[in-house]
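Throughout, numbering of the chain's residues begins at 1 and tracks the sequence. Predicted model only: the values in this text are computed from it and were never measured.
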Amino acid sequence: MSELKNDRFIRALLKQPVDKTPVWMMRQAGRYLPEYKAIRAEAGSFMDLCTNPELACEVTLQPLERFDFDAAILFSDILTIPDAMGLGLYFAEGEGPKFKSPIRTAADINKLFIPDPEQELKYVMDAVRLIRKNLQGRVPLIGFSGSPWTLATYMVEGSSSKTFSKVKGLMFEQPKLMHKMLDKLAQSVASYLNAQIAAGAQAVMLFDTWGGALGTEEYLEFSLRYAQQVRSLLKTDVDGKKVPTVLFTKGGGQWLESMAGIGYDALGLDWQTDIHHARMRVGSKVALQGNMDPITLYANSEVIREKVGSILNKYGSGTGHVFNLGHGILPDMNPEHVKVMVDAVHELSEQYHK
């Protein structure tokens, strides 16, 4: 592996000393940047962009030309695995992801297979290899996947949902069948993330976007259990270096202690969780990533700097914090406001690392 010129992000995730708090941003490669919109138009569709390694690489690198981010994140989608399983992912204009063949029966679940990352998902691995080559060690590259539970919600619902009635109905009515599906998904996610690591990802993140839709008992049984299975299958030692792992459950602040006990190096926090309390609760078990409300970026520079300062102050001194938004940036955001946030993190955090 090439030596990193800036390894602040990796060091913070592993709770090693850093000079400043590292910062990156969920959805940093994408829809709020005019240069992204130009490539998206050229590609024809979102999926055409995702499946073109050269364009995915270009989009991944775009934010690094504008902002002093401490990491790059692979430009892809969390639903590549179910698409590779044959469910037919497509994006309806203004409606988000949909599947042509959602999971409706036990036969549908029995038919699911574990995709070969270098076959059905080769376009993702080619993008990872190309991005690593083009980064030339500037900053680390983050690979990612949706969590088994989150993938299952989209696969059963057929699209995003407000109530999750279909997937939760299956979970309550036929738990054994749900577990069968989640086990296949956990194996698929681990295989996919291991392939990203082999292709050059230097950290990996599991996005459990819909874990927070569950009750506590169900979260532990149907979401966290499979996040733990994924973690147990990950090969995170590469050439004597550790590839850090991050688990992010949106709406999961009440389960931090349970999340901290399953082997991930860091937990992502949404903006509804106070980072000071989170640090008190998890102690030195894990690093924390987060957690400014994305809407803050609509405010003026003074407010943005003030909010950045507040989060840094709440986390306090020492390493183990990666600054991020509590969820993805919104499409109509002014890129200049992102610059204010990134620069404020680096400037205001130095005092906490002396």
**Item:** Test salt bridge (charged side-chain N to carboxylate O under 4.0 Å, His left out) applied to Asp19 and Arg8, step by step
**Value:** CA-CA 8 Å; Asp19 58 333; Arg8 213 178 263 143; 2.8 Å; yes
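- The distance from the CG atom of Asn291 to the CD1 atom of Ile275 is 4.5 Å, given to the nearest 0.5 Å.
- With hydrogens and angles ignored, the 3.5 Å screen pairs a side-chain donor or acceptor of Arg11 with a backbone N or O of Pro17.
- The shortest side-chain heavy-atom distance between Gln289 and Trp24 falls under the 4.5 Å cut-off.
- Contact detail for Ile81 and Ser145: the closest heavy-atom pair is CD1-OG, 3.9 Å.
- Residue Lys241 holds its NZ atom at 14.5 Å from OG1 of Thr236, rounded to the nearest 0.5 Å.
- Note: Phe323 and His321 have tilted aromatic rings, judged against thresholds of 30 and 60 degrees for the angle between ring planes.
- Salt bridge status for Lys339 with Asp68: absent, with no side-chain N to carboxylate O gap under 4.0 Å.
- With sequence neighbours excluded, no residue forms a salt bridge (charged side-chain N to carboxylate O under 4.0 Å, His left out) with Glu54.
- Side-chain atoms of Asp274 come within 3.5 Å of backbone N or O of His277 as a donor-acceptor pair.
- Within 6.0 Å of NZ on Lys314 lie no more than 12 heavy atoms contributed by other residues, nucleotides or ligands.
- A side-chain donor from one of Ser147 and Thr150 sits under 3.5 Å from a side-chain acceptor of the other.
- Ile262 is linked by a side chain to side chain contact (heavy atoms under 4.5 Å, CB included) to Leu224, Ala227, Gln228, Leu247, Tyr264, counting only residues two or more places apart in sequence or in another chain.
- Using a 3.5 Å distance cut-off with no hydrogens or angles, the side chains of Thr249 and Tyr219 do pair a donor with an acceptor.
- Linking ILVMFWY side-chain heavy atoms closer than 4.5 Å, directly or via other members, places Met259 and Leu233 in two distinct hydrophobic clusters.
- Between the Asn300 side chain and the Val303 main chain, a donor and an acceptor come within less than 3.5 Å of each other.
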Going by atom type alone, with no hydrogens or angles, which donor-acceptor pairs under 3.5 Å involve a side-chain atom of residues 166-175 and a protein atom two or more places apart or on another chain?
| unit_1 | atom_1 | unit_2 | atom_2 | d |
| --- | --- | --- | --- | --- |
| Lys168 | NZ | Ala213 | O | 2.8 |

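- A pairwise comparison of heavy atoms in Gln196 and Val128 identifies O-CG1, 3.7 Å as the closest pair.
- Judged by distance alone, the side chains of His327 and Asp293 never bring a donor and an acceptor atom under 3.5 Å apart.
- Ring geometry for Phe46 versus Phe75: interplanar angle over 60°, hence perpendicular rather than tilted (30 to 60°).
- The backbone N or O of Glu306 lies less than 3.5 Å from no partner atom in the side chain of Ser310, so there is not a single donor-acceptor pair.
- Minimum heavy-atom separation, Val189 to Gly146: CG2-O, 3.6 Å.
- Between the side chains of Tyr192 and Thr80, a donor-acceptor pair is found at a separation under 3.5 Å.
- Residues Lys20 and Glu347 form no side-chain contact, since every pair of their non-hydrogen atoms from C-beta on lies 4.5 Å or further apart.
- Looking at Asn6 and Asp70, their side chains do bring a donor and an acceptor atom within 3.5 Å of each other.
- The heavy-atom pair separating Val156 from Pro102 by the smallest distance is O-CB, 4.2 Å.
- Closest of all the heavy-atom pairs between Leu55 and Ala43 is CD1-CB, 3.9 Å.
- For the pair Tyr352 (side chain) and Leu348 (backbone), a donor-acceptor distance under 3.5 Å is absent.
- A donor-acceptor distance shorter than 3.5 angstrom exists from the side chain of Gln202 to the backbone of Leu141, with no hydrogens or angles considered.
- Distance CE/Met341 to CE/Met333: 9.5 Å, rounded to 0.5 Å.
- For the side-chain contact (heavy atoms from CB on, under 4.5 Å) with Tyr154, the lone residue among Leu89, Leu87, Leu79 that qualifies is Leu79.
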**Prompt:** Going through the distances and angles, do Tyr298 and Asn334 end up as a side-chain hydrogen bond (donor to acceptor under 3.5 Å, both in side chains)?
**Reply:** CA-CA 8 Å; Tyr298 286 113; Asn334 180 345; over 6 Å; no
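- Note on residues 32-52: pairs passing salt bridge (Lys or Arg N to Asp or Glu O under 4.0 Å), not counting sequence neighbours, are Glu35-Arg66.
- The CD1 atom of Ile295 lies 10.0 Å from the CG atom of Leu325; values are rounded to the nearest 0.5 Å.
- Here Lys100 pairs with Tyr90 under the side chain to side chain contact (heavy atoms under 4.5 Å, CB included) rule; sequence neighbours left out.
- Residues satisfying the salt bridge (charged side-chain N to carboxylate O under 4.0 Å, His left out) test with Glu118, not counting sequence neighbours, are Arg129.
- Residues Thr60 and Ala72 approach most closely at CG2-CB, 4.2 Å, considering heavy atoms.
- Surrounding NZ of Lys15 are more than 12 heavy atoms belonging to other residues, nucleotides or ligands, all under 6.0 Å away.
- A continuous path of ILVMFWY side-chain contacts below 4.5 Å connects Tyr226 to Leu112, so both sit in one hydrophobic cluster.
- Using modelled atom types and a 3.5 Å distance limit, the side chains of His353 and Thr21 yield a donor-acceptor pair.
- Atom CG of Leu220 is separated from atom CZ of Arg225 by 11.5 Å, given to the nearest 0.5 angstrom.
- Rounding to the nearest 0.5 Å gives a distance of 8.5 Å between CG of Leu214 and CZ of Phe222.
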